[in-house]
There are 2 protein chains.
Amino acid sequence: MGIKDDAVEVRAQGWRTLAALHGLIEAELERSLQGQARLSVVEYTVLDALSRQDGWHMRMQQLARATALSASATTRLVNRLEDRGLLTRILCADDRRGIYTELTDSGSKLLAEARPVHDAALERTLAEAQQVPELAPLVDALPRLHAGV
Amino acid sequence: MGIKDDAVEVRAQGWRTLAALHGLIEAELERSLQGQARLSVVEYTVLDALSRQDGWHMRMQQLARATALSASATTRLVNRLEDRGLLTRILCADDRRGIYTELTDSGSKLLAEARPVHDAALERTLAEAQQVPELAPLVDALPRLHAGV
DNA sequence: TATATTTTGTTGCACAAGCAAATATTGCAC
DNA sequence: GTGCAATATTTGCTTGTGCAACAAAATATA
């Protein structure tokens with residue numbers, strides 16, 4: 001067992017911690033958002049990403065990257081949200097393959113309701129995770145990543 | 001916009017970073033493990049968790065927690081691995097509701113083959129993520145969490 | 001112009017996930 | 001001991017996901 005093997009083990013451990021915290025947060029967000037806004041976490045992510053976009057447009061592929069989802073999953077996700085009237089598809093004028101999505105008023109409104117739920121759940125879960133010894137160091141490190149913002 | 005609102009935004013940003021890195025790593029692990037060992041990430045997680053367990057047993061619920069999966073998903077996951085002969089169910093003598101799972105020789109062998117694939121994919125993806133400005137700080141923070149181990 | 005190649009988004013299909021209900025076992029109250 | 005709540009695991013059902021195959025539009029090549 002040398003230095004090299006240690007690095008492998010440290011990475012694996014870091015990844016397990018990351019995955020554990022991610023699972024915990026996602027599960028709690030899912031419960032809260034589903035219960036209080038009828039939104040899944042990815043659905044919230046889409047609305048949030050759209051709202052933080054300058055012109056309020058995004059193309060399907062950008063959305064796929066923002067949600068870490070496959071192209072096909074993104075198509076169906078946008079279908080669901082469109083069926084609920086939360087966003088609309090807009091054909092791209094210059095590139096007719098491209099499809100923009102844009103929040104509707106109804107979508108912005110739902111997002112405005114959901115955001116506090118999301119933020120509260122996040123705060124609550126992080127506080128809870130801080131009580132778990134294996135997770136605490138990562139929880140503490142998170143806010144320092146973007147402290148300047 | 002006061003200090004409080006900043007904290008909310010910092011948390012949200014931290015969560016987005018965490019989710020993005022998680023998604024990246026999981027996708028790459030999935031590809032590598034699926035391609036070279038016919039294992040999904042959760043399947044690998046189960047085998048790995050069992051191998052790092054003292055007596056090489058775990059109960060279903062422990063497994064569910066280790067994988068961040070529901071009880072039902074865990075049942076079916078264990079079914080799949082049992083059907084492939086990678087682990088066995090063992091009835092718990094003292095608590096007959098409980099069911100232990102234990103790696104078979106075949107399971108340990110596959111894990112031994114898969115582990116280098118997993119570790120290499122993890123190293124590769126972290127190096128890649130370090131090139132992405134938003135992800136780099138988190139990548140750097142990870143090994144420091146368990147530096148002493 | 002014609003045509004091959006690449007990019008973008010959608011669909012068919014198979015599979016894994018969660019929720020709720022069912023089943024089995026334990027521990028506790030009386 | 002009998003009844004009853006709590007715990008552990010499994011099953012039925014519905015839904016969301018990825019992969020591969022596809023269609024349409026843009027771009028490159030000749």
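Each chain gets a letter, A, B and so on, in the order the sequences are listed, and its residues count up from 1. What you see below is based on every heavy atom in this structure, not just the backbone, and it leaves out hydrogens, waters and symmetry mates.
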Exercise for the section: Examine the side chains of R16(B) and T45(A) and answer whether a donor and an acceptor come within less than 3.5 Å of each other. Expected result: no
Problem - Rounded interatomic separation in angstrom, taking CE from M58(A) and C1' from dG9(C) - result: 15 Å
Practice task
Classify the side chain of R97(B) versus the base of dT7(D) as yes if they form a donor-acceptor pair under 3.5 Å and no if they do not.
Solution key: yes
Exercise for the section: Consider only side-chain heavy atoms of I, L, V, M, F, W and Y, link residues closer than 4.5 Å, and tell whether L86(B) and I90(B) are in one cluster. Expected result: no
Completion exercise
To the nearest angstrom, the CZ-C1' distance between R65(A) and dT7(C) comes to 13 Å
Handout entry: In one Ile/Leu/Val/Met/Phe/Trp/Tyr side-chain cluster, 4.5 Å: L63(A), Y100(A)
Key = no
Fill in the blank from the handout: Nearest heavy-atom contact between R59(A) and G98(A) is NH2-CA, 2.9 Å
Practice task
Under 4.0 Å from any atom of DNA chain C, heavy atoms only: list the residues of residues 68-88 of chain A that qualify, in numerical order.
Solution key: A71(A), S72(A), T75(A), R76(A)
Practice task
Figure out the CZ/P separation between R59(B) and dT10(D), and round it to whole Å.
Solution key: 11 Å
Exercise for the section: Measure from CG on D94(B) to C1' on dT26(C) and round the result to the nearest Å. Expected result: 11 Å
Problem - Close side-chain approach of R144(A) and P137(B), heavy atoms under 4.5 Å - result: no
Handout entry: I99(A) CD1 - dA24(D) P separation (whole Å)
Key = 13 Å
Exercise for the section: Nearest whole angstrom, please: distance from the P of dT8(C) to the CD of Q62(A). Expected result: 10 Å
Practice task
To the nearest Å, give me how far apart CD (Q61(A)) and P (dT10(C)) are.
Solution key: 11 Å
Exercise for the section: May I have the distance from L91(B) (atom CG) to dT25(C) (atom C1'), rounded to whole angstrom? Expected result: 12 Å
Handout entry: H22(A)-W15(B) aromatic ring centre distance below 6.0 Å
Key = yes
Exercise for the section: Look at the side-chain N and O atoms of R96(A) and state whether any lies under 4.0 Å from the OP1 or OP2 oxygen of dT27(D). Expected result: no
Practice task
State, without any angle test, whether N79(A) and R84(A) hold a side-chain donor-acceptor pair at a distance under 3.5 Å.
Solution key: no
Practice task
Examine the side chains of H146(A) and T17(B) and answer whether a donor and an acceptor come within less than 3.5 Å of each other.
Solution key: yes
Problem - Residues T104(B) and S106(B): side-chain donor-acceptor under 3.5 angstrom - result: no
Exercise for the section: Using a cut-off of strictly less than 4.0 Å between a heavy atom of the residue and any atom of DNA chain D, enumerate the qualifying residues of residues 23-34 of chain A by number. Expected result: none
